[in-house]
Amino acid sequence: MDMKRIHRLLRLVTLLQSGTTLAAVELAEQLGVSKRTLFRDLATLEIAGIPYTHDTTHGYRIDAGFFLP
């Protein structure tokens, strides 16, 4: 995995922990990637055990109680 992707994944975790829910379009825009790349990154977070949730009304987020070890 290249450093650019690692940096983007860490930025994604930060956005998801920001306390707001963000739609896929908003997340992709914030990260400067396509929605497809965003979904690949979300799948990577899932494999890594990072518990994000998706609410179809509002968007994606990570619960406030999660701490990245």
Side-chain angles (χ1 to χ4, degrees):
M1 188 178 307
D2 64 37
M3 290 303 290
K4 186 176 176 180
R5 183 159 189 224
I6 292 169
H7 182 262
R8 189 176 67 241
L9 289 170
L10 290 172
R11 174 92 172 106
L12 177 56
V13 169
T14 301
L15 288 169
L16 293 174
Q17 285 185 310
S18 69
T20 61
T21 53
L22 298 165
V25 173
E26 295 169 316
L27 286 169
E29 185 178 292
Q30 289 278 332
L31 297 170
V33 297
S34 68
K35 279 180 34 177
R36 178 65 189 129
T37 298
L38 170 69
F39 292 134
R40 283 189 208 108
D41 289 350
L42 287 168
T44 300
L45 295 185
E46 188 172 340
I47 290 167
I50 297 174
Y52 69 87
T53 58
H54 177 250
D55 176 347
T56 55
T57 307
H58 298 98
Y60 294 87
R61 68 183 176 89
I62 292 177
D63 289 329
F66 174 74
F67 176 74
L68 185 62

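These numbers come from the heavy atoms of this one structure, side chains and all, not from hydrogens, waters or symmetry mates.
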Of all heavy-atom pairs linking Leu16 and Tyr60, the shortest is CD2-CB, 3.6 Å
Hydrophobic cluster identity match, Leu42 and Ile47, side-chain contacts under 4.5 Å
no
One should read off an interatomic distance between Leu12 CG and Gln17 CD, to the nearest 0.5 angstrom, of 10.0 Å
CZ of Arg36 to CG of Asp41, rounded to nearest 0.5 Å, is 10.0 Å
Open item on the list: Under 4.5 Å between side-chain heavy atoms, counting indirect links through other Ile/Leu/Val/Met/Phe/Trp/Tyr residues: same cluster for Val25 and Tyr52 or not?
Closed with: no
Contact between Leu22 and Arg61 at the side-chain level, heavy atoms closer than 4.5 Å - yes or no?
no
For Thr21 and His58, the nearest pair of non-hydrogen atoms, with its separation, is OG1-CB, 3.0 Å
Closest non-hydrogen contact found for Val33 with Leu38 is CG2-N, 4.1 Å
Neighbour count >12 (heavy atoms, 6.0 Å) for atom NE2, His54:
yes
Of all heavy-atom pairs linking Ser18 and Leu15, the shortest is OG-O, 2.8 Å
With Ile50 as partner, the option from Leu9, Val13, Thr44 fulfilling side chain to side chain contact (heavy atoms under 4.5 Å, CB included) is Val13
In short, Arg40 meets Arg5 closest at the heavy-atom pair O-NH2, 3.6 Å
CG of Leu31 to OG1 of Thr37, rounded to nearest 0.5 Å, is 10.0 Å
